[in-house]
**Student:** 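I have a structure I would like to understand better, so I am pasting it below and will then ask my questions one at a time.
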Amino acid sequence: MLQFSIVEQVILAVFLLSGITFFLYHLLLRLKIVLKGKSDFSVDELPKRIIRVFDEVILHKKVVSGDRKSAGILHALVMYGFIFFGLITINHFGMAFGFPIFSESFRHTYFLIFGAPWAILCTIGILGLAYRRFVIKPEALGKFSSTSALVSVFIVTLMTTYLIDELHILSGAAEKFNWWLHSGVIGGFLFLIPQSKHMHLVLSPFNIFLRPFEVPNHGAIPIDMEASEEELDNLLLDLSRLSKDQALDIFTCVECGRCTEVCPANRGGGILDPKYHFILDLKNPMLESGDVNVVDKINVEAGWECTTCQACTEVCPVGNHVEKADEIRSFQVLAEGDVPQEYQKLLRNLQETGNTEGSSSSELLNELPVYTADKELVLWLGCFAKHAMDPNFVSSVRNFVKILESAGVTYGVLSNEQCSGDPANKLGDKLTYQLLMDQNVEELNKVKNVTTMCPHCVVNLQKEYKKYHEIKYEVKHHTQVISELLDEGRININPGSLEKVTYHDPCNLSRTLDEVSAPRNAIKAAAPEFFELDESGKDTLCCGAGGALWWKKDSGEGRTHLLRAEQVIESKTDTVVTGCNFCYGMMNQGIGPLTPAGQEEIKVKDVADIVAENLS
Amino acid sequence: MILVVLENQRGKIHPFSIEALVAGQKFAKNLNCDLAVLCIGEKVEELKSQAQNFKSSKLILAKHSLIDMYSADGYSKVLSDVITELSPKYVLFGHSYMVRDFVPRVSAKLNIPFVSDIISVDFNDGNPHFSKQVFNAKLATSIEISSDQALLSFQSAAFSNDDIEEGEPESEVDFNVQLSDNDIKSKSEPEFQESSTGVDLTAAELIVSVGRGIESEDNLPSMESLAEAMGAEVASSRPVVDMGWLPPYRQVGSSGQVVSPKLYFSCGVSGAIQHVVGMKGSKNILAINKDEDAPIFEIADYAVIGDVLEIVPKLTEEINNSK
Amino acid sequence: MKIAVLTKAIPSYESSIRVDSSEKWIDESVVNYVVNESDSYALEEALQIKEQAGDDSEVVVVTLGSEANTSKVIKDGLAKGADRGLFIKNDSKTTDPLTVAKIFAENLKSENFDLVLSGLQSDDLGSGQTGVLIGELLEMSTATLAIETQVEGDKIKVKRELESGWFQWVTLPFPSSISIQSGINEPRYPSLKGIMGAKRKELNTLESTPEAQNQSFVNLFIPKNEKVTEKIVGDSDAIVAKLMDILKNRLKVI
């Protein structure tokens, strides 16, 4: 047993206390900033939150995922190593003061069963990760990180000194040195963690616990046209502030770069780099100002490239809501009047004609029956279908109508349907959004059940509008209606031809609305040779039209539709089915030009098309 | 009397002015009156020597050092003086950027209406009606004059310079230009170009033009091969230049070159009005486009509704084989 | 410096343009009126000149027409940053540019503007003369199709766009009336503050009586398409064969 002199005990005490003080100071500094944020933390559905922490922290579900499964496993080894190790550490210090917590025999047993194996596994883990970071150097991890280097050295040292200690390899001065080295490293962590990404050790379980369930979770920005100048100034000031969640996210970020890796704008050649533009660029400004008024530090050009597909938020292993396009765009539009030229016409069209195309009439609207109170369902068309933004989609609407009629469902359209406002909302023009939303809510609160083929419309009518108004109606996506009709036996689908069929999940439907099974239920009934694309379900790759980017068509770079269409072509499918009119339009645009010569052009269908073709 | 004003374009009579002269000759014949032709300002001697090849009653020279370089102040003052002295019933111009710049000054100075950008004339037994396009060419209007005189400018290709009557002026006269420094308040610098011109499309007999319908820059070489096979020059609409696929001097349209080749072969060009204005004077127009509602088909002699990316390579091959 | 921006409300590009029963005008009931595109560029140029001048320059948005069609044009200008608005009421369909210019000149004379900016032409009737006519009537220097402007003391330098990729710089003394080419700048979008502040800005309405016109519309009609277009159909091989025939035998170009 090692003996410690008073001097050594004092030095140790001072060392530990200063470490703990340092650690707490920086932690509380950050928490103070976080608490200045807007709105409150979400603590609803507690059981669901606890289960999520278990899944994502203990089971490492988001870490061991995608292309990073092996790295994720190595990280798990390090994390569990830490956990198993942490228990013993207390004993290590207790010993110095003459208060060992565990008996020798317990320590020894623990060492044999948990301590040694985990020390070894942890070392393997950290060496593997260090190899990956410093030798393989994946791009997403960024430039050389001195803290990561230190952490690697620290952990290896820690495990090694532990093993040496327990195996009683050394004695005398060497043993004492080994002990101090071990303590020095643990104390060193106290100084290292708070100012580096390793803060995620402390913060991520909380951040994951507090993560809002709604994705995305941008706050409402209600605008009162009769507001006084003072009220307006406050509203504008507020636009530059982050929420508590967002501020905590930024301090929790582990800089893994997964968000950037999945970002369609980044992959499409744009400049958007969510890790920096939406998260890390804001960290120092927050620390310097001691406040959360940092929205204006988000790179504006990057902000306009975002398709708001939420892939970044979906993939984050530490519970961040990454995307902040809503914040920077709202700031630019409302406070600065800065709207890119190609969107100004779009917004004016919405203000003047209530639709995105500036149209004064709709052929499709005129040919469909009008809704009356005796009908079951309101068929909400959306601007894309109403104004034939892709003329082929009009026949998909007719196919959906055919399905409804064959099931005997009565339906009608609303003649004064205005744009749901999604493009205005996504572009940050909350004023135009409110104009359209207020008119729509008034009409929709007179009805009960609404269906639409556009997931963007569902998101707005059902979820976004709820942030501003009381909503009395219910909205279902048409794939959900079709799936229900199928399950209830009100329609029958015969398996169709044996051509290869795949499904592209629209990001608004799969991630924002959490719906991946209804479309598959319908498609699989019609297509015996159905197969999944890479990056399907909630990992889907955005078609590129989100975030109002459909209307930003004429620029060259950052064109994301090429990516998904390319993937679809590479999959060698015969038909690609999708559940969103924008995805449909983007596939039609991308597949034609990109199909290599000699290969047959892939057919693009909506779920309604493939079901209607195979109705019995 | 009809007065036609000739404009200088780098030492030559501007092609639009020749078309205005054709109009003038027709007006003079129809209204049974004299035709005077005015050479004014820049390069006036060169204009005069070229104008001596065309039939007119009188060739007028308005020369002065203060209008050796164009200015709206100078030209409008001198032209107003000429009109005041000669009292022509109609003064004719080609609708060029220069005419847009100074003729309204004359209109306001002399209180004479200026009917601009005319596409056709109905002589209507001595009370001519002038047609022009309005509302983005969705509609046209017929305009009548209720004053004694009018200033008229014609859109390119409203009249064709093939119809010019050669001959010579019956008389020539120097106009006594009264101008002082005070009359010219603006100071003009010499004209310049921003990008290097490689090609004068206006001289080309055959043109193959590409529009956004070729879908990608990668498809450009196959269009260029067609042009090569035909011995044609390559031109384009504005979006193609804006996207950087071709340099600006290839652009045909209201802000590019105005061409009138024997054959204008357009590939994937939709035919927006700003482009059409630059090529509708072509003798023959052949258009390939996937969209049967493309406006280009309204002015095309031959309309191919099909996929330009499929047709052009095959056509190029056939042409090369037949040589 | 006092700057006037002449702004016109015109039917949007997507509007249905139909001749009305009089056959002399369009059916306005199906039309959506918007700000003429090149006028937006003129307004932006004026606002930028004002911002660069830094002093207490004033930008006044001026429009002429019927109340219904033009009110949004003024609101838009004020929301973007113009200081006040001037609405010249004219309910008749005045199509003669000189008549319109005279109404403007009469009402603007007393304001003594240093600079009058207008779009190069309006996308409804498209005569493109108004700015220059007003300039002459108010004894100003003039220039058209400006693609760049630079204020230098008591003068303004203008880069004129010419045909075929040529340009020319012209220096004009104030007062000056300049027509602006689209693409000269990037027009701003009104900020929230601008939109809400527009209500509080000064807006004056002036009555007008147009003189008799010297040029007027006899009628308005849908242009006849007299061109005989030969359609070439078939699969690509058939089309290529026909094209070869046309090129070789009919047009004799190969």
Side-chain angles (χ1 to χ4, degrees), chain B residues 72-73 96-97 100-101 104-105 107-109 113-117 129 133-147 150 185-189 191-195 206 230 248-249 255-257 262-263 284 297-307 310-311 314-315 318-319, chain C residues 11 13 17 19 26 96-98 101 123-129 132-133 135-137 141-145 160-173 213-223 225 227 229-233 236-237 239-240 243-244 246-248 251 253-254:
Chain B
D73 294 339
S96 67
Y97 281 11
R100 297 169 66 138
D101 195 59
R105 297 278 295 268
S107 167
K109 227 190 266 275
F114 174 24
V115 185
S116 52
D117 211 20
H129 286 178
Q133 294 161 310
V134 288
F135 299 104
N136 291 114
K138 290 181 186 170
L139 293 180
T141 180
S142 196
I143 295 179
E144 65 178 356
I145 307 290
S146 48
S147 55
K185 295 183 267 184
S186 67
K187 224 193 313 236
S188 312
E189 286 167 42
E191 298 176 6
F192 62 94
Q193 278 183 302
E194 295 208 311
S195 48
L206 305 173
M230 283 173 62
Y249 58 79
S255 48
Q257 308 227 41
K262 181 160 182 206
L263 172 63
N284 293 284
F297 290 135
E298 276 163 46
I299 54 157
D301 297 288
Y302 304 99
V304 179
I305 297 161
D307 188 349
E310 261 193 58
I311 295 168
K314 287 187 182 175
L315 181 60
E318 278 298 307
I319 296 175
Chain C
Y13 189 77
I17 306 290
V19 182
I26 56 167
D96 180 348
L98 188 50
D123 291 335
D124 54 359
L125 306 181
S127 348
Q129 300 177 28
V132 185
L133 293 170
E136 175 66 37
L137 293 170
S141 62
T142 61
T144 54
L145 280 127
R160 288 177 58 219
E161 183 181 289
L162 307 177
E163 285 137 344
S164 305
W166 288 78
F167 298 91
Q168 182 184 50
W169 281 98
V170 161
T171 307
L172 307 171
Q213 303 189 111
N214 281 327
Q215 55 168 306
S216 52
F217 288 8
V218 174
N219 60 356
L220 216 50
F221 53 93
I222 297 173
N225 187 7
K227 188 119 210 196
T229 307
E230 190 178 319
K231 277 202 186 147
I232 301 169
V233 293
S236 43
D237 289 317
I239 288 175
V240 169
L243 287 178
M244 285 299 290
I246 292 169
L247 293 173
K248 202 171 198 166
L251 298 176
V253 291
I254 53 166

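Sequence lines set the chain letters: A, B, ... in the order given, protein chains first and strands last, and positions in each chain run from 1. Computed from a prediction, not measured in an experiment: that's the story for all the values here. Heavy atoms only: backbone and side chains are in, while hydrogens, waters and symmetry mates are out.
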**Student:** In Å and rounded to the nearest 0.5 Å, what is the OG1 to CD1 distance from Thr229(C) to Ile299(B)?
**Tutor:**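 Result: 9.5 Å between the selected atoms.
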
**Student:** Which atom names give the shortest non-hydrogen contact between Pro104(B) and Leu133(C), and what distance separates them?
**Tutor:**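 Smallest heavy-atom distance, with atoms named: O-CD2, 3.1 Å.
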
**Student:** Let me confirm one number: the CG-CG distance from Asp124(C) to Asn136(B), rounded to the nearest 0.5 Å.
**Tutor:**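 Reported value, rounded in 0.5 Å steps: 9.0 Å.
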
**Student:** Mind checking the CG-CD spacing from Leu162(C) to Glu191(B)? Nearest 0.5 Å is all I need.
**Tutor:**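 These two atoms lie 5.0 Å from each other.
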
**Student:** To the nearest 0.5 Å, what is the distance between CG (Asp101(B)) and CZ (Arg160(C))?
**Tutor:**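 It is 4.0 Å, given to the nearest 0.5 Å.
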
**Student:** Count the heavy-atom pairs under 4.5 Å between each of Asp96(C), Ile239(C), Val233(C) and chain B, then report the option with the highest count.
**Tutor:**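 Heavy-atom pair counts peak at Ile239(C).
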
**Student:** Can you tell me if Ser116(B) and Gln129(C) form a side-chain donor-acceptor pair at under 3.5 Å?
**Tutor:**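 There is such a pair (donor and acceptor under 3.5 Å, judged by atom type) between the side chains of Ser116(B) and Gln129(C).
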
**Student:** Among Asp117(B), Asp73(B), Val115(B), which has the most heavy-atom pairs under 4.5 Å with chain C?
**Tutor:** Val115(B)

**Student:** Count the heavy-atom pairs under 4.5 Å between each of Leu172(C), Ile222(C), Leu243(C) and chain B, then report the option with the highest count.
**Tutor:**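 Heavy-atom pairs under 4.5 Å are most numerous for Leu243(C).
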
**Student:** Report which part of Ile319(B) has an atom under 4.5 Å of a heavy atom belonging to chain C: side chain, backbone, both, or neither.
**Tutor:**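 For Ile319(B), the contact with chain C is made by backbone and side chain together.
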
**Student:** Check whether any side-chain heavy atom of Gln215(C) sits under 4.5 Å from a side-chain heavy atom of Ser146(B), and report yes or no.
**Tutor:** no

**Student:** If we define contacts as heavy-atom pairs under 4.5 Å, which of Ser186(B), Ala72(B), Ala300(B), Ser96(B) has the most with chain C?
**Tutor:** Ala300(B)

**Student:** Which bit of Leu263(B) comes within less than 4.5 Å of chain C, counting heavy atoms only: side chain, backbone, both or neither?
**Tutor:** side chain

**Student:** Are Lys231(C) and Tyr302(B) in a cation-pi setup, meaning NZ or CZ lies under 6.0 angstrom from the ring centre and within 45 degrees of the ring axis?
**Tutor:**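 No, Lys231(C) does not lie over the aromatic ring of Tyr302(B).
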
**Student:** Looking at Thr142(C) and Arg105(B), what are the two nearest heavy atoms and their distance?
**Tutor:** OG1-NH1, 2.6 Å

**Student:** Verify the neighbour count for atom CZ of Phe167(C): are there more than 12 heavy atoms of other residues, nucleotides or ligands below 6.0 Å?
**Tutor:**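 Yes, the 6.0 Å shell around CZ holds more than 12 heavy atoms from other groups.
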
**Student:** Taking C-beta and beyond as the side chain, do Leu98(C) and Pro113(B) meet within less than 4.5 Å on heavy atoms?
**Tutor:** no

**Student:** Tell me, out of Asp123(C), Asn219(C), Val19(C), who's got the most heavy-atom pairs with chain B below 4.5 Å.
**Tutor:**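 If we count pairs closer than 4.5 Å to chain B, Asn219(C) comes out on top.
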
**Student:** Between Leu251(C) and Lys262(B), which heavy-atom pair has the shortest distance, and what is it?
**Tutor:** O-NZ, 3.2 Å

**Student:** Could you pull out all residues at least two apart from Lys248(C) that satisfy side chain to side chain contact (heavy atoms under 4.5 Å, CB included)?
**Tutor:**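 Lys248(C): side chain to side chain contact (heavy atoms under 4.5 Å, CB included) contacts with Ser322(B), Ile254(C).
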
**Student:** Step by step, would you call Met244(C) with Leu315(B) a side-chain contact (heavy atoms from CB on, under 4.5 Å)?
**Tutor:** CA-CA 7 Å; Met244(C) 285 299 290; Leu315(B) 181 60; 3.8 Å; yes

**Student:** Output the option from Ser147(B), Ser142(B), Ala108(B) having the highest count of non-hydrogen pairs under 4.5 Å with chain C.
**Tutor:** Ser142(B)

**Student:** Pick from Glu310(B), Met230(B), Glu298(B): which one has the most heavy-atom pairs with chain C under 4.5 Å?
**Tutor:**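 Top count of heavy-atom pairs under 4.5 Å with chain C: Glu298(B).
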
**Student:** Find the distance between CZ (Phe221(C)) and CG (Leu139(B)) and round it off to the nearest 0.5 Å.
**Tutor:**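 Taking CZ in Phe221(C) and CG in Leu139(B), the distance rounds to 9.0 Å.
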
**Student:** Stepwise, does the side chain to side chain donor-acceptor pair (under 3.5 Å) test hold for Ser141(C) with Lys185(B)?
**Tutor:** CA-CA 7 Å; Ser141(C) 62; Lys185(B) 295 183 267 184; over 6 Å; no

**Student:** Just by distance, do the side chain of Glu189(B) and the backbone of Gln168(C) share a donor-acceptor pair under 3.5 Å?
**Tutor:**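 Answer holds: no.
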
**Student:** Any side-chain heavy atom of Tyr97(B) within less than 4.5 Å of one from Leu145(C)?
**Tutor:** yes

**Student:** Mind checking the NZ-CD spacing from Lys109(B) to Glu136(C)? Nearest 0.5 Å is all I need.
**Tutor:**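 Result: 4.0 Å between the selected atoms.
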
**Student:** With a 4.5 Å heavy-atom cut-off, do Val134(B) and Leu220(C) have their side chains touching?
**Tutor:** yes

